[in-house]
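First comes the structure, then the notes that go with it.
Side chains included, hydrogens not; waters and symmetry mates left out as well; all remaining heavy atoms used. For reference, positions follow the sequence shown, starting with 1. We count ligands from 1, going down the list as the structure has it; atoms in each ligand are counted the same way.
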Amino acid sequence: MNNKELLRKIPKIDGILEHPDWPELVVEYPEGPAKDALRAVIENVRFAIKAGQVTSIPSISEIVQAARKMLGEWTNPRLRRVINGTGVIIHTNLGRSLLADEAIGAIVNAASHYTNLEYDLEKGARGSRYDHCTAVLKRLTGAESSLVVNNNAGAVFLVLNTLAEGKEVIISRGELVEIGGSFRIPDVMKKSGAVLREVGTTNRTHKEDYENAINQETGLLMKAHTSNYRIKGFTHDVAVEELVSLGGQYGVPTYFDAGSGLLFPFQVMTGNDEPLVSAELAKGLDVISFSGDKLLGAPQAGIILGRKSLIDMMKKNPLTRALRPDKFTIAGLESTLLLYLDRERAKKAIPTLRMIHEDVNVLRRRAQWIVKQVRTRCPSLSADVTRLDSEVGGGSLPDVVVPSFGVGLKPRGMTVQNFETRLRGLEVPIVGRIEKDVFLLDMRTIRKDELDLLVQGIESALGDGE
Ligand SMILES: *Cc1c(COP(=O)(O)O)cnc(C)c1O
């Protein structure tokens, strides 16, 4: 058959609409989109014929089936739940921090009801959305004032623009960091209208380097936490205390972009230099900022703390309106912060903290349970309990590995790459990593109530392959 004949043989829309398969489809999906899908499928067939890719015409049933698949793709949400078996707790690609039940409850409450978001219930007058978290942040960190924006990138931008637009910002060359996802301190600084004045060298910067750079044009002394890397060996950096003393001497404000919001020290971080927000503020910094969804374990947010006069200037900056957090962020953040008032409770209730602190023996038992299930249910899979190291992630604690347990899986009937692809293609995708031809799932980032689903997923990923 030549192309012309093939094109003529494509079933007509009217004919398909009368075929017994069609009513079934329009029970599942609304008619308008269903017809659009049908037309799109037929257009694809026509295109494939013209390109010489087909030699026979699909049946009406096949066409309707293709339309059903297309409708599935159109109507199912693209953003989906996944099971995180990577062991990276604050996994930026997988959505960073999970929220405490209390925070989820607060978000649902704010979504379902009117709230006093910008209404002062005592005065019966307009209030500010920025006031809700101020008191609890002050209690937790000692900060005089606070401002919450969309994320920490926005916070850095707002601080620089408010305090140093058209002025010089002195920062160590060793701290001109790039955080994943195209956030680079020099680029943000440029966009903010501040002028970068880098001092020192990559590995060593001294107080004199800052001091020598201070002049009439200086607007801000800045430090940035080198979140995702460490410079080791022959190094020196300027302590916050030194920066604060210079700032006081020359009348220039000091700002620290701390990256992650650590509110109390964790056991696992012994010997690590992750900055503690309250301790940094106590050194006399004027402003500090950090993310809500990294170590803090709250929704995405940028939290700015510091001197009231400076925070008030930021509040008046028209940029703040463009960076303002929505009511869900404020609801989730406030209730997470309230949990921090009791540290032991915070460690249990906030998933990021809970995962960091989870007892390794609990994880071993979970891995053992999975292995036992898989061995009985999936004869074509070899499964073993494996010692692993989890990471905190999110640019926090790059040096810290948290001892963990997981399972190592190796299918016999297919390649481990194929197995990994199938796990990613499940209705609830399972994300892990391949190492030395074994598929690894770290138990630290898998919740207890996900274990059944995990075993089912492993079983069905093997299913059609056997
Ligand atoms: C993560 C990070 C940022 C960006 O914070 P987001 O909340 O992701 O916008 C900025 N600075 C430092 C030092 C960071 O670690």
Worksheet item: Which pairs pass side-chain hydrogen bond (donor to acceptor under 3.5 Å, both in side chains) with one or both residues in residues 278-288, sequence neighbours excluded?
Response: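 Passing the test, one end in residues 278-288: Thr254-Asp286, Glu280-Lys283, Asp286-Arg307.
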Ligand-residue contact atoms, ligand 1 with [X], heavy atoms, under 4.0 Å:
X: Asp257; answer: 10 (C), 11 (N), 12 (C), 13 (C)
X: Gly259; answer: 12 (C), 13 (C), 14 (C), 15 (O)
X: Phe183; answer: 10 (C), 11 (N)
X: Arg96; answer: 6 (P), 7 (O), 8 (O)

Item to complete: Would you mind checking if Asp187 and Lys191 are paired as a salt bridge, meaning a charged N to carboxylate O distance below 4.0 Å?
Response: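 No, Lys191 and Asp187 are not salt-bridged.
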Ligand 1 N/O within reach of [X] N/O, cut-off under 3.5 Å:
X: Lys294; answer: yes
X: His225; answer: no
X: Ala153; answer: yes
X: Ser260; answer: no

Practice prompt. Could you list the residues that satisfy salt bridge (charged side-chain N to carboxylate O under 4.0 Å, His left out) with Asp437, not counting sequence neighbours?
Written response: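 Residues passing salt bridge (charged side-chain N to carboxylate O under 4.0 Å, His left out) with Asp437: Lys410.
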Worksheet entry | Derivation and outcome, salt bridge (Lys or Arg N to Asp or Glu O under 4.0 Å), residues Lys308 and Glu144 | CA-CA 6 Å; Lys308 184 167 184 304; Glu144 210 175 279; over 6 Å; no
Discussion item. Hydrogens and angles aside, do Asp326 and Thr329 bring a side-chain donor and acceptor to less than 3.5 Å of each other?
Written reply: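 Per modelled atom types, Asp326 and Thr329 side chains form a pair under 3.5 Å.
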Worksheet item: Are a donor atom and an acceptor atom from the side chains of Ser289 and Tyr255 found within less than 3.5 Å of each other?
Response: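 The criterion, which ignores hydrogens and geometry beyond distance, is satisfied for Tyr255 and Ser289.
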